[in-house]
Asker: 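Before I ask anything, here is the structure I am working with.
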Amino acid sequence: MANILPFPEETPLATQIKSLGDEELLDFWEETQFLERFLKEGAPVPNQNSMQYEKLILQELQLRSCRRCAATAQP
């Protein structure tokens, strides 16, 4: 699967994550999990980036979930 990246490399990850749709965000999370497992099978190197990715993705999913709940709760 190849994508054309719409952001320059210096764009913060948090900004890039906010621009993804729900399915794309879940796909990105799945890919980070796969890469983390792959890297752990090689040399045991602590990978802080995967933890950062997961934290940012989960925060964005929680924010979106809260927004949906708030939108449906309003009369």
Side-chain angles (χ1 to χ4, degrees):
M1 163 172 53
N3 291 320
I4 297 174
L5 300 175
F7 297 102
E9 287 186 34
E10 63 271 358
T11 303
L13 180 63
T15 302
Q16 295 179 36
I17 286 175
K18 291 176 193 276
S19 73
L20 297 174
D22 291 343
E23 290 298 318
E24 292 171 312
L25 188 56
L26 290 172
D27 287 345
F28 180 60
W29 176 79
E30 185 178 16
E31 290 172 11
T32 60
Q33 297 300 305
F34 173 78
L35 288 172
E36 182 177 356
R37 277 185 256 127
F38 177 76
L39 291 172
K40 284 182 180 179
E41 288 177 3
V45 176
N47 188 357
Q48 294 298 323
N49 287 338
S50 65
M51 292 175 64
Q52 178 190 9
Y53 296 156
E54 185 169 7
K55 180 180 176 185
L56 289 171
I57 291 168
L58 291 175
Q59 286 176 341
E60 182 63 24
L61 288 171
Q62 289 172 340
L63 179 63
R64 291 178 187 191
S65 177
C66 290
R67 286 181 181 157
R68 280 190 209 103
C69 289
T72 59
Q74 293 182 6

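Values below: every heavy atom of this structure, side chains too, minus hydrogens, waters and symmetry copies.
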Asker: Please report the interatomic distance CG(Leu26) to CD(Glu31), rounded to the nearest 0.5 Å.
Answerer: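 These two atoms lie 11.5 Å from each other.
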
Asker: Return the OG1 to CZ distance between Thr72 and Arg67, rounded to the nearest 0.5 Å.
Answerer: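 Reported value, rounded in 0.5 Å steps: 14.0 Å.
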
Asker: Can you give me the closest heavy-atom contact between Trp29 and Ile57, atom names plus distance?
Answerer: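 Closest approach of Trp29 to Ile57: CA-CD1, 3.7 Å.
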
Asker: Who passes side-chain contact (heavy atoms from CB on, under 4.5 Å) against Glu30, sequence neighbours left out?
Answerer: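 Asp27.
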
Asker: Rounded at 0.5 Å granularity, tell me how far CZ in Phe28 sits from CD in Glu54.
Answerer: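 The CD atom of Glu54 is 11.0 Å from CZ of Phe28, to the nearest 0.5 Å.
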
Asker: So, using side-chain contact (heavy atoms from CB on, under 4.5 Å) as the criterion, who are the partners of Arg64 when residues are at least two apart?
Answerer: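 Asp22, Leu25, Glu60, Arg68.
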
Asker: Let's go through Tyr53 and Leu35 carefully: what are the C-alpha distance in whole Å and the side-chain angles of both, what is the deciding distance for side chain to side chain contact (heavy atoms under 4.5 Å, CB included) to 0.1 Å, and is it a yes or a no?
Answerer: CA-CA 12 Å; Tyr53 296 156; Leu35 288 172; over 6 Å; no

Asker: Rounded to the nearest 0.5 Å, what separation is found between the CG atom of Leu63 and the CD1 atom of Ile17?
Answerer: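 The CD1 atom of Ile17 is 12.0 Å from CG of Leu63, to the nearest 0.5 Å.
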
